[in-house]
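Below is one structure, written out as structure tokens, with a few remarks after it.
When a ligand or atom number is given, it counts from 1 through the structure's own listing order.
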Amino acid sequence: MDVVLIGLPGSGKSVVGRRLAGRHAASFIDLDERIESAAGRTIPEIFEDGGEAGFRALERAAIADLGPADPASEVRRVIATGGGAVVDPRNRWALYRGRTTVWLDGRPEVLAQRLRRSPHVRPLVAGRDPIGAIRDLGARRERFYAAATIHQVGVAEVHGVVDAVDERIAATSTTAGAAGTTLLRASTPIGRIALGDGIAGDALATALDALRGSRAILVSEPGAWAAVGERLAADLAGRGREVAQVLLPEGEAAKRLDVVEGAARELAALRVERSDVLVAVGGGALGDSAGFLAAIYLRGIRFIQVPTTLVAQIDSAIGGKTGVDLPEGKNLVGAFHQPAAIIIDIGALRTLPGRQMRAALGEAVKMAALGDERLFELLESDGPAIARGDSAAFDAGIVAELVERAGWAKVEIVAADERERETAGGRITLNLGHSLGHAFEAAGGYGGLLHGEAVAYGLRAASRIGVEVGVTPPERAERIGRLLDALGLATDPLPYPLATVLEHLAADKKHAAGRLRWVLPTADGVVVRDDIDPALVERAATGLLAATSRTAR
Ligand SMILES: NC(=O)c1ccc[n+]([C@@H]2O[C@H](COP(=O)([O-])OP(=O)(O)OC[C@H]3O[C@@H](n4cnc5c(N)ncnc54)[C@H](O)[C@@H]3O)[C@@H](O)[C@H]2O)c1
């Protein structure tokens, strides 16, 4: 077994790690020492020469050098990491899988005091206000540390910490890696979030325990049930939990009022009470409908989202928008109802059909265009492999990084503007590519394009409009276009009549009190404009339609 110690500078990773290794006659690896000896320089010197980026590159290489986790049940290696090593999702993927991770936690005052006495200079906390710097680092990194198998809140004496950690390792040793790999755990204003690979069973049981729910009512649909739900139900039952299930129809057919009524009646027949917890297992359509059911049954019961598609993991399960469609339009009836927890298990995506995976990347490109440069680069380098559903993209942690970056970006936007009240920024920016995207989707009767595919067309249109009004630099528009080309998104002209597309766009316009607010790309983010000339919109839409359908009705 490998034990990995993580935590802020000054939390005692090296000293605790060395002693722990000594007790087990295991080898001790201090990653910072390895980096220094490989570079032939001290860490402050590495920072001076190459900045933080130079140091992080060496750190990544040192982590890769560790090789695979030791499968033995006894402790063979103890690895102390630098405090920031876990910020990079790919480092966490390499470090956490199959290993027992221990978060050494402590109060910032105590850590700062230790650092003052330490002979090692920590460049990131070496300023005038070390306590403030540590507190700040702690807030930004908590979700990465909190993913650890063991959370050890520090006591002052080293041997006491070592004893406590040792006991807890012994208690978990048989399960190291068996419960999957948790990569991120966060407590946010829009619900608790756990993200990892193969974690659904364990994370769901933990979330249900935290809610002290009497019963888990799994709501799913045939596709997600076969891929994920059935196993999850058996897992919960195996843990002695009372489970019931309600199946809705697959796909958009779940998002109908009569379906919700039928499901509510099933809940009534099951005598579901407020103390029960509804668990939505499925993609965006299932999650929207089941979330709405949770929002209105008994005037609202608690629910947990277990998203099983890429769209749901990076978008729809996050943010509390629930609802159903009407014949007059999509998502016209609904409610804001935040899930108590969101359990994102990327393992579920391994069975997702290729078209669904590729389409969801339309939303991921949107998140990147909102201003996440690293996500942009990730999609440029590895997006085509993800779109093809390459298993190597899973195995290398690429899918995990994509889901984390795109999903977390949404968490931050929604947490800051839960009810979409901001007019110039906040949640409305998530509508980038959606005005015309929705219109194209509706023009196809919702049977033509998948949502993410439609968003990709919408992104091309928004870029063009942005260039014409002078807010989108042409290079930015070209970069977005090139990425969509590489992903195979929005590459063919659409067969819809222009008039139909514009009609659907007008419906959107009424919705926004007469003036449609356009979210347009800038050099590194977006702006919101409500003064876009309709003729320009028409030109942008026309450019995406097949020649034969531009005038036809
Ligand atoms: N609430 C929001 O904020 C929000 C945001 C974006 C999209 N949405 C909504 O999401 C819906 C689209 O979501 P979606 O693309 O996830 O569609 P979906 O829920 O219809 O799922 C797509 C298909 O994948 C199958 N499936 C699900 N999980 C699977 C798995 N693990 N393996 C194999 N197959 C699996 C389903 O059976 C279905 O056939 C739309 O209704 C859209 O309006 C909502």
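- Per-residue contacts place Lys330 under 4.0 angstrom from the following atoms of ligand 1 (heavy atoms of the residue considered): 40 (C), 41 (O), 42 (C), 43 (O).
- Scanning the protein heavy atoms around atom 28 (N) of ligand 1, the nearest turns out to be Thr308 OG1, 2.7 Å.
- Remark: ligand 1 atoms within the under-4.0 Å shell around heavy atoms of Ala227 are 30 (C), 31 (N), 32 (N).
- With a heavy-atom cut-off of 4.0 Å, Val311 touches ligand 1 through its side chain alone.
- For ligand 1, none of its N or O atoms has an N or O atom of Asp315 under 3.5 Å away.
- Of the N or O atoms in Ala348, one or more lie within a sub-3.5 Å distance of an N or O in ligand 1.
- Close N/O approach between Gly284 and ligand 1 is found [any backbone or side-chain N/O within under 3.5 Å].
- The protein atom (non-hydrogen) at minimum distance from atom 35 (C) of ligand 1 is Leu352 CD1, 3.7 Å.
- For ligand 1, one of its N or O atoms has an N or O atom of Glu250 under 3.5 Å away.
- At least one donor-acceptor pair closer than 3.5 Å links the side chain of Arg302 to the backbone N or O of Leu211.
- Looking at Lys255 next to ligand 1, an N or O pair under 3.5 Å apart turns up.
- Heavy-atom proximity to atom 8 (N) of ligand 1, evaluated over Ser316, Pro222, Ala254, is greatest for Ser316.
- In terms of modelled atom types and a separation under 3.5 Å, the side chain of Arg97 and the main chain of Trp93 share a donor-acceptor contact.
- More than 12 non-hydrogen atoms from other residues, nucleotides or ligands lie less than 6.0 angstrom from CZ of Arg274.
- Residue-level proximity to ligand 1 for Ala285 is carried by backbone and side chain together, each with a heavy atom below 4.0 angstrom.
- For atom 20 (O) of ligand 1, the nearest protein heavy atom (residue, atom name, distance) is Gly251 CA, 3.3 Å.
- With ligand atoms numbered from 1 in the order given, ligand 1 contributes 15 (O), 22 (C), 23 (C) to contacts under 4.0 Å with heavy atoms of Gln356.
- The ligand atoms of ligand 1 that sit less than 4.0 angstrom from a heavy atom of Pro353 are 33 (C), 34 (N).
- Remark: side-chain polar atoms of Arg476 are not paired, donor with acceptor, to backbone N or O of Ser463 under 3.5 angstrom.
- With a 4.0 Å heavy-atom cut-off, ligand 1 is reached by the side chain of Lys410 but not by its N, CA, C or O.
- Those atoms of ligand 1 that come under 4.0 Å of a heavy atom in Gly223, given as number and element, are 37 (O).
- Closest to atom 21 (O) of ligand 1, if we only count protein heavy atoms, is Thr309 CG2, 3.7 Å.
- Counting the atoms of ligand 1 from 1 in the order shown, those under 4.0 Å from a heavy atom of Glu252 are 40 (C), 41 (O).
- Counting heavy atoms closer than 4.0 Å to ligand 1, residue Glu221 contributes side-chain atoms (C-beta onward) but none from N, CA, C or O.
- The structure places CG of Leu95 at 9.5 Å from OG1 of Thr101, a figure rounded to the nearest 0.5 Å.
- Of all protein heavy atoms, the one lying nearest to atom 33 (C) of ligand 1 is Thr351 O, 3.2 Å.
- Side-chain contact, Glu363 with His434: a donor N or O sits under 3.5 Å from an acceptor N or O.
- Between Arg90 and Leu378, the shortest heavy-atom contact is NH2-CD1, 3.2 Å.
- Note on Glu373 versus Arg479: salt bridge recorded, some NZ/NE/NH1/NH2 to OD/OE distance being below 4.0 Å.
- Counting non-hydrogen atoms of other residues, nucleotides and ligands closer than 6.0 Å to CZ of Arg192 gives a total of 12 or fewer.
- At a heavy-atom distance under 4.0 Å, only side-chain atoms of Asp288, from C-beta outward, approach ligand 1.
- In terms of polar-atom proximity, defined here as any N/O pair under 3.5 Å, Lys321 does make such a contact with ligand 1.
- Remark: ligand 1 atoms within the under-4.0 Å shell around heavy atoms of Gly283 are 16 (O), 19 (O).
- Using the six-membered ring where Trp is involved, Tyr457 and Phe440 have ring planes that are perpendicular, over 60° apart on the 30 and 60° scheme.
- Under the 3.5 Å distance criterion, the side-chain polar atoms of Glu453 are matched with a main-chain donor or acceptor of Leu450.
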